[in-house]
Amino acid sequence: MEYLIGIQGQDFVLVAADNVAAHSIVKMKQDQDKMFKLSDKILLLCVGEAGDTVQFAEYIQKNIQLYKMRNGYELSPTAAANFTRKNLADYLRSRTPYHVNLLLAGFDETDGPGLYYMDHLSALAKAPFAAHGHGAYLTLSILDRYYRPDLTRDEAMDLLKKCIEELNHRFILNLPSFSVRLIDKDGTHDLEKLIPVGAK
Amino acid sequence: SVPVEKWNGPDRKIEFLHGTTTLAFKFQHGVIVAVDSRATAGSYIASQTVKKVIEINPYLLGTMAGGAADCSFWERLLARQCRVYELRNKERISVAAASKLLANMVYQYKGMGLSMGTMVCGWDKTGPGLYYVDSEGNRVCGDLFAVGSGSMYAYGIVDSGLKQKDLTVEEACDLGRRAIYQATYRDAYSGGQVNLYHVHSEGWTRVSQSDVLMLHQQYQAEKA
């Protein structure tokens with residue numbers, strides 16, 4: 001039902017998430033932000049079971065901020081991703097596992113842009129592009145076909161729009177809008193919400 | 001209904017108030033909170049006079065859907081926490097903070113059988129506040145929520161009524177009352193009376209209590 005997507009370019013990461021907070025067949029909220037700012041250059045996109053998403057994401061967020069306060073410098077995106085995965089793994093075989101699927105996007109001074117895919121079974125994979133949700137089935141092939149490592153920001157945006165349009169066309173559930181953000185060396189930038197129009 | 005052999009033990013479920021309609025929406029002059037008053041145990045109507053709005057403090061209201069005991073207990077506990085906050089910080093707690101306290105409290109018990117779907121409504125220094133919190137761990141801020149078995153019927157009325165901007169207090173109250181009435185008309189598990197509250201900058205006011213059958217006569221007469 002929920003959808004997350006991330007596309008890594010040469011010097012940026014473009015991410016988008018749908019805005020619907022659903023409860024059985026009702027849209028309780030249509031402008032829900034599913035992205036959590038872990039630091040100036042790291043975003044955590046989180047979907048999954050009600051309650052677990054916000055609680056887990058905020059827990060990671062606060063711990064990342066605590067690390068910065070204690071040590072004087074921030075965790076890199078790679079370290080943050082591994083920290084997140086470790087927490088997921090530790091809770092996986094407990095009585096209260098977190099049923100969440102995540103994308104972590106960040107920009108490191110030395111390593112450049114990075115996109116990390118994590119799922120509720122605590123898998124972690126660094127990937128040039130990734131998606132979560134039923135919508136991923138429809139859009140991963142589009143990303144496979146058209147993705148290039150040297151995409152410019154506009155080209156990545158066009159690719160993202162292609163994916164959203166496919167969802168609008170084929171996905172049975174209506175996802176009326178998507179939040180879009182871009183991370184590069186200058187930090188996180190909020191871009192205009194994508195609102196697909198008209199059935200095609 | 002509870003099978004005899006499962007009266008004790010972890011499988012025992014007391015489903016009292018899932019059958020309900022509660023709603024709340026923000027508008028220009030605050031928040032309207034409207035609820036029905038029927039409690040059902042299976043197909044048996046246990047009560048037609050349940051108070052489903054919990055008065056947390058003079059400026060915060062909570063609605064009750066799901067298990068009656070769960071709702072009233074946890075919201076009473078919330079009231080205590082809000083008072084402690086007030087004493088510690090010398091200022092009223094915000095609706096966001098109050099709802100977060102409740103959400104965090106029940107999240108600890110996730111998966112253990114709590115049943116609670118509540119709306120925390122109030123007015124703080126940022127204006128009118130409305131949050132939906134449930135025992136699954138959901139906590140969502142919004143302008144309109146309806147909770148319970150009759151919620152979808154209520155959404156239909158309020159969504160279409162709110163399209164006309166700038167309601168007066170009276171119009172908003174009528175909308176809330178009408179939405180609950182329409183839900184009780186269609187949903188077998190909702191009924192009794194419509195209890196209506198209005199939250200404004202000075203706190204909440206109990207606006208009215210109207211029997212659903214009387215409303216039926218009234219609306220029928222208006223149609224004619």
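Only this structure's heavy atoms are used, side chains among them; waters, hydrogens and symmetry mates stay out. Here is the naming used below: chain letters follow the sequence lines, and residue numbers restart at 1 for every chain. This one's a predicted model, so the numbers in the text were calculated from it and none came from an experiment.
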Tabulate below the donor-acceptor pairs under 3.5 Å that side-chain atoms of residues 105-120 of chain A make, not counting sequence neighbours, or state none.
residue	atom	partner	partner atom	Å
A:Asp108	OD2	A:Thr110	OG1	3.1
A:Asp108	OD2	A:Asp111	N	3.4
A:Glu109	OE2	A:Lys41	NZ	2.8
A:Tyr116	OH	A:Thr78	OG1	2.9
A:Asp119	OD1	A:Leu121	N	3.0
A:Asp119	OD1	A:Ser122	N	3.3
A:Asp119	OD1	A:Ala123	N	3.1
A:His120	ND1	A:Asn101	OD1	3.4

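Annotation: A:Arg170, atom CZ; neighbour count of heavy atoms from other residues, nucleotides and ligands within 6.0 Å does not exceed 12. The 12-atom threshold is not exceeded at NE2 of A:His134, counting heavy atoms of other residues, nucleotides or ligands nearer than 6.0 Å. Remark: A:Tyr91 OH is loosely packed, at most 12 non-hydrogen atoms of other residues, nucleotides or ligands lying under 6.0 Å away. Summarising the local packing, NZ of B:Lys51 is surrounded by more than 12 heavy atoms from other residues, nucleotides or ligands at distances under 6.0 Å. Counting heavy atoms of neighbouring residues, nucleotides and ligands inside a 6.0 Å radius, atom CG of B:Leu87 exceeds 12 of them. Around atom NZ of A:Lys62, more than 12 heavy atoms belonging to other residues, nucleotides or ligands sit under 6.0 Å away.
Contact check for B:Tyr155 versus A:Met28: side-chain heavy atoms found under the 4.5 Å cut-off. Within the 4.5 Å cutoff, side-chain heavy atoms of B:Lys100 are placed close to those of A:Val54.
Note: B:Tyr132 and A:His23 have perpendicular aromatic rings, judged against thresholds of 30 and 60 degrees for the angle between ring planes.
Listed for the B:Lys110 side chain is no donor-acceptor partner under 3.5 Å among the backbone atoms of A:Gly51.
Note that the CD atom of A:Glu58 and the CG atom of B:Asn104 stand 8.0 Å from one another [nearest 0.5 Å]. One distance of note links OG1 of A:Thr96 with OH of B:Tyr107; it measures 7.0 Å at 0.5 Å rounding. A:Asp52 contributes atom CG, which lies 10.0 Å from atom CG of B:Asn138 (distance to the nearest 0.5 angstrom).
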Task: Chi angles and distances behind the side-chain contact (heavy atoms from CB on, under 4.5 Å) call for A:Gln55, B:Arg139 - done: CA-CA 10 Å; A:Gln55 294 281 354; B:Arg139 174 181 166 267; over 6 Å; no

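By number of non-hydrogen pairs under 4.5 angstrom with chain B, the leading residue of A:Gln30, A:Glu49, A:Gln32 is A:Glu49.
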